[in-house]
Each structure stands twice: as structure tokens, then as C-alpha cells.
Amino acid sequence: MKNILTAPFVEEMRKTTANMYRLGWDERNGGNISLLLDTENVSEYLDLKKVIRTIPIGFKADSLIGKIFIVTGTGKYFKNVDDDPETNLGIIRIAKDGETAELLWGYKDGGRFTSELPAHLMSHMARLKVDPLNRVVMHSHPTHTLAMNYVHELDEKKLTHTLWEMCTECIVVFPDGVGVLPWMLCGTNEIGEATAKKMEEFRLVVWGMHGIYGAGKTMDETFGLIETVEKAAQIYMLTLGSPRLNTIKDEDMVKLAELFKVDYRKDFLNLK
Ligand code: 13P
Ligand code: ZN
């Protein structure tokens with residue numbers, strides 16, 4: 001059996017949480033990540049017959065039965081993951097009943113997975129239907145994205161359009177746009193269901209005045225999505241209140257989308 005601390009997926013969680021903390025996106029215990037793992041790969045590091053304990057997940061995740069995820073722990077600080085992965089992370093398998101998580105490794109201090117597990121697992125289910133290669137769901141509180149929520153209309157078309165205008169590459173990176181939910185109580189099945197519904201058409205979902213969710217095939221893709229939104233939101237906040245002399249026009253965005261051959265939300269542009 002190989003040492004789990006050398007597993008690339010543990011390494012990836014350590015590096016990504018450290019990066020997100022360094023960028024100021026995930027204060028205190030803010031943010032959570034879940035990564036769907038390959039069972040055969042995990043069996044090189046863990047005895048899959050050994051369940052440490054079981055934890056109820058609070059809903060039925062039928063389509064994820066038997067699947068294994070590495071997930072950040074609730075109340076755990078991203079800044080501490082790198083130093084102590086076994087306390088701050090856990091590896092769980094969705095049990096045969098679809099309603100229980102079997103802990104295979106981690107949460108060493110008796111802890112449990114993120115309180116946002118409903119939003120994570122429901123989003124995995126929604127994205128896997130659209131993209132069978134989806135592996136990552138990431139939640140974060142990026143500063144400028146959050147600031148923008150207070151001064152910009154929380155409307156999917158308007159918010160996406162403003163973000164697309166802020167950096168030339170935005171429409172290429174997230175041509176599917178950004179879904180938006182109003183402020184809702186977090187940590188509930190309700191916000192999980194609402195997020196998953198949005199994930200049927202978007203890889204990015206803003207939680208009004210709370211943060212953002214991203215989904216993707218790899219950690220890089222998912223991180224890059226949130227990073228690009230955050231950069232655009234930063235430009236927006238830096239220019240807010242100054243006279244707007246220039247902008248990227250809708251016709252220019254069409255040229256970009258066509259050159260990079262991306263299928264963009266045409267209804268999010270104002271084309272004549
Ligand atoms: P957890 O500590 O339960 O992961 O919650 C953090 C968070 O960002 C809630 O939305
Ligand atoms: Zn949060």
C-alpha cells in the first residue's frame with residue numbers, strides 16, 4: 001500500500017487550498033472543495049474494505065452510490081490543510097443506501113465533511129449528467145466577486161455581460177456565463193438543489209452576497225474559472241465610480257467567441 005500523503009489527489013487538495021487562502025478568497029473556514037476520485041487509484045493507497053465510521057449525508061445521492069470523493073472538512077481552515085491534511089480533509093464513499101458516507105480516511109479529530117456537502121454532491125450529480133468527465137466542485141468567497149454582489153444587479157444576463165466586458169478572455173473562459181442565486185440560507189438541501197439546477201446549464205454559480213461555486217473536469221479548470229471571474233470582478237470594482245470611456249463591444253465578443261470556437265450564450269449579448 002502506498003502512503004496516502006503522497007497521492008497526487010491529496011497533493012492537489014493541499015496546493016489548491018493553500019493557493020485559495022493565499023489569494024484571500026477563503027478566510028477562516030470559508031470555502032470547500034470536493035474531488036471525485038478513481039476507485040482503482042484510491043485502492044493503491046487505502047484498504048477500501050476498512051470503513052473508519054459512517055456519517056449520514058442528509059439526502060439521497062442515488063447516482064453517486066459507490067463513488068469516492070476527497071472533501072474538505074467543516075469548520076476547517078484552508079490555511080491549515082497543507083500542514084495537516086489528515087485532520088482537515090476526508091475521503092468518503094457514498095454507501096449502498098445513497099444516504100450515508102463511509103469515511104475511509106481523514107477527519108482525524110472526529111470531524112466531518114463540509115456543511116455544504118448537499119450543494120457539492122447535488123452539483124456533481126447535475127454536472128456528471130451534462131459532462132461525464134466532471135470531477136471537481138469548488139466553493140469560495142473571492143473578495144471582489146463578493147464586493148460586486150453588493151453594487152451590481154444579481155441578474156444572470158447582466159452580471160455575465162458585465163464580467164465579459166471586463167477582460168478580453170472572459171467570454172472564451174466562461175462562454176456558458178454565470179448562473180446567479182439570490183441570498184439563501186447556506187448549508188441546506190434547498191440551496192444544494194437550487195445550485196444543482198443552475199449547474200445543469202452553468203459551470204459557475206454565484207451565491208448572492210456569499211460567494212461562488214465552480215465545477216470542472218480538473219482542479220485547474222475549476223480554479224481557473226473562479227480566478228477569471230474574480231479578476232473581472234476586480235477590474236469592475238477598480239473602475240466603479242470612474243467615467244467609463246471604453247469598453248469591449250458585443251461585436252468584439254462575438255469575434256472572440258468565433259475565433260476560439262466556443263459555444264457562448266448568445267442571449268447574454270445585446271446583438272442587433
Ligand atoms: P464549511 O466549513 O462547513 O465547509 O463551510 C464553509 C462555507 O464556506 C460555508 O458556505
Ligand atoms: Zn461559503
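Both counts, for ligands and for their atoms, begin at 1 and track the order of listing. Along the sequence shown, residues are numbered consecutively beginning with 1.
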Residues W207 and T195: side-chain donor-acceptor under 3.5 angstrom: yes
Numbering the atoms of ligand 1 from 1, which are under 4.0 Å from a heavy atom of [X]?
| X | value |
| --- | --- |
| N32 | 1 (P), 4 (O), 5 (O), 6 (C), 7 (C), 8 (O) |
| S115 | 1 (P), 3 (O), 5 (O) |
| H139 | 8 (O), 10 (O) |
| T74 | 1 (P), 2 (O), 3 (O) |
| E116 | 9 (C), 10 (O) |
| H210 | 10 (O) |
| G30 | 8 (O) |
| H141 | 8 (O) |

N29 contact mode with ligand 1 (heavy-atom cut-off under 4.0 Å):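 For N29, backbone and side-chain atoms both sit under 4.0 Å from ligand 1.
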Before accepting this row, confirm whether a basic side-chain N of the pair [X]/[Y] lies closer than 4.0 Å to the acidic partner's carboxylate O.
| X | Y | value |
| --- | --- | --- |
| K157 | D155 | no |
| E12 | R135 | no |
| D109 | K76 | yes |

Short N/O/S contact of C186 with the Zn ion (ligand 2) (below 2.8 Å):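 Given the 2.8 Å cut-off, C186 does not count as a ligand of the Zn ion (ligand 2).
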Sub-3.5 Å N/O-N/O distance, W207 and ligand 1: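 It does not: no N or O of W207 is found under 3.5 Å from an N or O of ligand 1.
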Test of proximity, G31 against ligand 1: N or O pairs below 3.5 Å: yes
Minimum side-chain heavy-atom gap N88-Y77 below 4.5 Å: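 They are not in side-chain contact.
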Test item: R203 and R127 side chains (from C-beta on) under 4.5 Å apart, heavy atoms: yes
Check: H152 ring centroid to H161 ring centroid under 6.0 Å: no
Three-point angle H210:NE2, the Zn ion (ligand 2), H141:NE2, rounded to the nearest 10°: 100°
F223 and W25 aromatic ring geometry - parallel, tilted or perpendicular at 30°/60° bounds: parallel
Nearest-contact summary for atom 4 (O) of ligand 1 - protein heavy atom, Å: T114 OG1, 2.7 Å
Chi angles and distances behind the side chain to side chain contact (heavy atoms under 4.5 Å, CB included) call for V71, N32: CA-CA 7 Å; V71 187; N32 20 79; 5.9 Å; no
